[in-house]
Amino acid sequence: MESSGVPARKDLDILLSYLINVIGSAKGTQTRFRNEAERYVLFCWNEKNKSVLKSTIEDIRDYIDWLWSPPKRLIADNTIASRYKAKPDSDVRLVNEAWRPFVLRGAKANRKTNEFIAPERANITKPKQAYSLNQTSLQNSYASLNIFFKELWETELISRNPVSLVKKSCKYLVKGKIYKPPHTLDDETWQLFVDSLTQAADENPLYERHRFLVLTLKVLFLRISELASRDYCVPVFGHFSQDPSGEGWVLNVIGKGKKQRLVTVPDEFIDHVLIRYRESLGLSPLPHIDETMPIMPSFKTGQALHQDSLNNMVEEAFDLVIKSLKSLGKNQQAHAIAGASSHWLRHTGATQALSEINETMLAVELGHASVKTTVEVYVAPAHRDRIKKGVSRKL
């Protein structure tokens, strides 16, 4: 790039400064904003042969066109999205030749269906899948790119931020917003979840962590990142404590935006989840306030597990339930959770809790900055009222 007159090294320094100083250290946030900014920089270098600092409104429009319909040579036909591969028994990272800025990912639900629910369908010839960008991904690209350009503008590296202007006239964006209820597990599936994990843990102690993780995410309404090791926080058992009021236990959680909150811990969780899990680790039944043992430790190193490891455990837990539903002949319910993620557990717990606590209390438990967010996601009164009135319209 430098030889063709593009100051790539300066662009790279700007990109690194942006990621370090502006974007939070949470892995998911870093990945999302890094991928978009990096992809735009590569677009400037390779498609426009210019520095990111020379971007025009027309360049942003061309980039959105490029995102919407990328060249086939830039689309990986697998889920290997990492740019680097670790060299065995070394800290060295090797360039991943298969990496592309776009990935044609198959739906998780289809993969689970072929693996667990209907394996006989796996070899059926299916229509070739084409790459497409959905509305959510397009909105996320605009949001990430806008923050990147806002930083360039605020540091006086560019004279204006063109992203918002391009978004206003975008030919791909669909306007308006419809209510989409959160993904949740029905009561029967959740009970089967608990029973399957408990049986698995009874038979194999390795599943005690899976059982604890799933129940904690659901009952305490946690995001999976809130139990994972992060640069600024390691969740430890000492974060469980008895509230000074003497009314019960709480868990000190550091959530999105490094915001602390206290989550109430039900007595049943203490008696049937926390104590059992701690005893499986060879610890005392209840945690001490100065205890530094990670809540989710690695068996090999004792260090707190990172989010990728926790995600794998949740997926293994869901696999157990899918197999159980399949064995019971409940294929429809198995299909319904084939694409599930850890966030379904948080949504399930919050939805069930609405019958026990009010929206204001639930907002605090969830870590929402405004009760309005909680109401819009879990209650949606305007949507429900409209549906009720709509069904009674006369012919």
Enquirer: Evaluate the side chain to side chain donor-acceptor pair (under 3.5 Å) criterion for residues Thr351 and Thr184: first the C-alpha distance (whole Å), next the side-chain angles of each, then the deciding distance (0.1 Å), finally the verdict.
Expert: CA-CA 8 Å; Thr351 302; Thr184 60; 5.1 Å; no

Enquirer: As a quick check of understanding, evaluate side chain to side chain contact (heavy atoms under 4.5 Å, CB included) for Arg39 and Phe102, giving each step before the final call.
Expert: CA-CA 9 Å; Arg39 192 160 54 179; Phe102 302 92; 3.5 Å; yes

Enquirer: Classify the side-chain pair Ser137/Asn140 by whether it contains a donor and acceptor separated by less than 3.5 Å.
Expert: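 No - no donor-acceptor pair under 3.5 Å links their side chains.
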
Enquirer: Kindly give the cluster partners of Ile178, where membership spreads through any ILVMFWY side chain lying under 4.5 Å from a current member.
Expert: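 Under the 4.5 Å side-chain rule, Ile178 groups with nothing.
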
Enquirer: Is it possible for you to say whether Ile387 and Tyr179 belong to one hydrophobic cluster, with membership spreading through side-chain heavy-atom contacts below 4.5 Å?
Expert: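 No, Ile387 does not connect to Tyr179 through the hydrophobic network.
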
Enquirer: Assigning hydrophobic clusters by single linkage (Ile, Leu, Val, Met, Phe, Trp, Tyr; side-chain heavy-atom cutoff under 4.5 Å), is Leu251 placed with Val364?
Expert: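 No, no single cluster joins them.
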
Enquirer: Could you check if a side-chain atom of Leu173 sits within less than 4.5 angstrom of a side-chain atom of Gln135, using non-hydrogen atoms only?
Expert: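 Contact flag for Leu173/Gln135 side chains = yes.
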
Enquirer: Using the rule given for side chain to side chain donor-acceptor pair (under 3.5 Å), can you reason through Glu36 versus Ser141, listing the C-alpha separation, both sets of side-chain angles and the distance that settles it, and then say yes or no?
Expert: CA-CA 6 Å; Glu36 199 62 57; Ser141 290; 2.9 Å; yes

Enquirer: Can any side-chain N or O of Arg100 pair as donor or acceptor with the backbone N or O of Arg73 at less than 3.5 Å?
Expert: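 Yes: the side chain of Arg100 pairs with the backbone of Arg73.
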
Enquirer: I would like to know whether His210 and Leu320 meet side chain to side chain contact (heavy atoms under 4.5 Å, CB included); could you show each step before the answer?
Expert: CA-CA 11 Å; His210 296 67; Leu320 278 177; over 6 Å; no

Enquirer: Under 3.5 Å, side chain of Arg230 to main-chain N/O of Ile254, donor-acceptor pair present?
Expert: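 Yes: the side chain of Arg230 pairs with the backbone of Ile254.
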
Enquirer: Run the numbers on Glu203 and Gln199 for side chain to side chain donor-acceptor pair (under 3.5 Å), then give the verdict.
Expert: CA-CA 6 Å; Glu203 296 171 357; Gln199 181 179 345; 3.2 Å; yes

Enquirer: Looking at Asp195, is its backbone amide N or carbonyl O close enough to the side chain of Thr198 to form a donor-acceptor pair, meaning the two atoms are under 3.5 Å apart?
Expert: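 Answer holds: no.
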
Enquirer: Measuring from Leu157:CG to Tyr18:OH, what's the distance to the nearest 0.5 Å?
Expert: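 The OH atom of Tyr18 is 13.5 Å from CG of Leu157, to the nearest 0.5 Å.
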
Enquirer: Hey, what do you get for CZ (Phe148) to CD (Glu38), rounding to the nearest 0.5 Å?
Expert: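 Answer rounded to 0.5 Å: 11.0 Å.
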
Enquirer: So, Lys258 and Asp231, do they make that salt bridge, N to O below 4.0 Å?
Expert: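 No salt bridge links Lys258 with Asp231.
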
Enquirer: Got a sec, which residues hit ring pair (Phe, Tyr, Trp, His ring centres under 6.0 Å) with His343, two or more places apart in sequence or on another chain?
Expert: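 Scan of His343 (ring pair (Phe, Tyr, Trp, His ring centres under 6.0 Å), adjacent residues dropped) gives His347.
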
Enquirer: Partners of Thr292 by side chain to side chain contact (heavy atoms under 4.5 Å, CB included), sequence neighbours excluded?
Expert: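 Counting only residues at least two positions away or on another chain, Thr292 forms no side chain to side chain contact (heavy atoms under 4.5 Å, CB included).
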
Enquirer: List, by chain and then residue number, the residues other than Val234 in its hydrophobic cluster (Ile/Leu/Val/Met/Phe/Trp/Tyr, side-chain heavy atoms under 4.5 Å); write none if there are no others.
Expert: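 Other cluster members: Val236.
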
Enquirer: Run the numbers on Glu376 and Lys177 for salt bridge (Lys or Arg N to Asp or Glu O under 4.0 Å), then give the verdict.
Expert: CA-CA 12 Å; Glu376 287 178 349; Lys177 187 177 181 180; 5.9 Å; no

Enquirer: Would you say Asn21 has more than 12 foreign heavy atoms packed within less than 6.0 Å of its CG?
Expert: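 Correct, the count exceeds 12.
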
Enquirer: Checking Ser341 now: which residues fulfil side-chain hydrogen bond (donor to acceptor under 3.5 Å, both in side chains) with it, not counting sequence neighbours?
Expert: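 Applying side-chain hydrogen bond (donor to acceptor under 3.5 Å, both in side chains) to Ser341 gives none.
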
Enquirer: How long is the straight-line distance from CG of Asn161 back to CD1 of Ile57, given to the nearest 0.5 Å?
Expert: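 It comes to 10.0 Å.
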
Enquirer: In the hydrophobic clustering that connects Ile, Leu, Val, Met, Phe, Trp and Tyr at side-chain heavy-atom distances below 4.5 Å, which members other than Val250 occupy its cluster, ordered by chain and number?
Expert: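 Its cluster mates, by chain and number, are Leu262.
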
Enquirer: Short question: side chain of Glu365, backbone of Thr264 - any donor-acceptor pair under 3.5 Å?
Expert: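 Yes; at least one donor-acceptor contact below 3.5 Å.
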
Enquirer: What's the shortest heavy-atom distance between Ser144 and Phe33, and which atoms?
Expert: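 Minimum heavy-atom contact is CA-CE2, 3.7 Å.
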
Enquirer: Show the nearest heavy-atom pair for residues Tyr277 and Pro297, with the distance to one decimal.
Expert: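 In terms of heavy atoms, the two residues are closest at OH-CD, 3.6 Å.
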
Enquirer: Between Leu310 and Ser342, is any pair of side-chain heavy atoms under 4.5 Å apart?
Expert: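 Leu310 does not reach Ser342 side chain to side chain.
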
Enquirer: Does NE2 in His335 sit with more than 12 non-hydrogen atoms of other residues, nucleotides or ligands closer than 6.0 Å?
Expert: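 Buried by this count: over 12 neighbours within 6.0 Å.
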
Enquirer: Please enumerate all residues that pass ring pair (Phe, Tyr, Trp, His ring centres under 6.0 Å) together with Tyr63, with sequence neighbours excluded.
Expert: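 Expected list: Tyr40, Phe43, Trp66.
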
Enquirer: So which heavy atom on Val103 is nearest to which on Tyr131, and how close?
Expert: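 Minimum heavy-atom contact is O-CE1, 3.7 Å.
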
Enquirer: Does atom CH2 of Trp249 have more than 12 heavy-atom neighbours, drawn from other residues, nucleotides or ligands, at distances under 6.0 Å?
Expert: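 Enclosed.
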
Enquirer: I need the Leu227 CG to Leu305 CG distance, nearest 0.5 Å.
Expert: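 Rounded to the nearest 0.5 Å, the CG-CG separation comes out at 10.5 Å.
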
Enquirer: Do any N or O atoms from the side chain of Ser51 and from the backbone of Pro7 form a donor-acceptor pair under 3.5 angstrom?
Expert: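 No, the answer is negative, given that no donor and acceptor are paired below the 3.5 Å cut-off.
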
Enquirer: Would you find more than 12 non-hydrogen atoms of other residues, nucleotides or ligands less than 6.0 Å from Glu156 atom CD?
Expert: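 Not more than 12 within 6.0 Å, no.
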
Enquirer: For Trp68, enumerate each residue passing the ring pair (Phe, Tyr, Trp, His ring centres under 6.0 Å) test, keeping only those at least two apart in sequence or located in another chain.
Expert: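 Checked Trp68 against ring pair (Phe, Tyr, Trp, His ring centres under 6.0 Å); matches are Tyr172.
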
Enquirer: Going from CG on Leu281 to CE on Met296, what distance comes out if it is rounded to the nearest 0.5 angstrom?
Expert: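 The CE atom of Met296 is 9.0 Å from CG of Leu281, to the nearest 0.5 Å.
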
Enquirer: For Lys171 and Asp65, what are the C-alpha separation, side-chain angles and deciding distance, and is it a side chain to side chain contact (heavy atoms under 4.5 Å, CB included)?
Expert: CA-CA 9 Å; Lys171 58 188 175 183; Asp65 288 339; 3.4 Å; yes

Enquirer: Under the salt bridge (Lys or Arg N to Asp or Glu O under 4.0 Å) definition, can you give me all pairs with a residue in residues 316-344, not counting sequence neighbours?
Expert: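 Found Lys112-Asp319, Glu188-Lys330.
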
Enquirer: Where the side chain of Arg278 meets the backbone of Leu286, is there a donor-acceptor pair that is under 3.5 Å apart?
Expert: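 Checking the backbone N and O of Leu286 against the side chain of Arg278, a donor-acceptor pair under 3.5 Å is found.
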
Enquirer: Holding to side chain to side chain contact (heavy atoms under 4.5 Å, CB included), I want the full list of residues that pass it with Ser132, two or more places apart in sequence or in another chain.
Expert: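 If we apply the side chain to side chain contact (heavy atoms under 4.5 Å, CB included) test to Ser132, skipping adjacent residues, there are no hits.
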
Enquirer: Is there a donor-acceptor pair under 3.5 Å between the side chain of Lys108 and the backbone N or O of Ala340?
Expert: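 It does hold such a pair.
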
Enquirer: Which pair of heavy atoms, one from Glu359 and one from Thr374, lies closest together, and at what distance?
Expert: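 Reported closest heavy-atom pair: O-CG2, 4.1 Å.
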
Enquirer: Shortest non-hydrogen contact from Cys44 to Val52?
Expert: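 So the minimum-distance heavy-atom pair works out to SG-CA, 3.9 Å.
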
Enquirer: Just verifying a value: how many Å separate Lys167 NZ and Asn146 CG, rounded to the nearest 0.5 Å?
Expert: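 Rounded to the nearest 0.5 Å, the NZ-CG separation comes out at 7.5 Å.
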
Enquirer: With ring pair (Phe, Tyr, Trp, His ring centres under 6.0 Å) as the rule and sequence neighbours excluded, what pairs involving residues 286-328 come up?
Expert: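 Of all non-adjacent pairs touching residues 286-328, those that pass ring pair (Phe, Tyr, Trp, His ring centres under 6.0 Å) are Phe193-Phe318.
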
Enquirer: Is the number of heavy atoms from other residues, nucleotides or ligands within 6.0 Å of CD1 (Ile289) greater than 12?
Expert: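 Counting other residues, nucleotides and ligands, CD1 of Ile289 stays at 12 neighbours or fewer.
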
Enquirer: Which other residues belong to the hydrophobic cluster containing Leu362, where Ile, Leu, Val, Met, Phe, Trp and Tyr are joined when side-chain heavy atoms lie under 4.5 Å apart, directly or via other members?
Expert: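 Via sub-4.5 Å side-chain contacts, Leu362 links to Phe221, Leu354, Ile357, Met361, Leu366, Val371, Val375, Val377, Tyr378, Val379.
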
Enquirer: Would you sort out whether Asp11 and Lys50 count as a salt bridge (Lys or Arg N to Asp or Glu O under 4.0 Å), showing the intermediate values?
Expert: CA-CA 10 Å; Asp11 282 357; Lys50 62 168 60 175; over 6 Å; no

Enquirer: Whether the side chain of Glu226 engages the backbone of Arg223 through a donor-acceptor N/O pair (distance < 3.5 Å, no angle test) should be reported.
Expert: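 Answer holds: yes.
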
Enquirer: Locate the shortest heavy-atom distance separating Ile23 from Ile147; write the atom from each residue and the value.
Expert: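 Answer, listing the atom of Ile23 first, then Ile147: CD1-CG2, 4.5 Å.
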
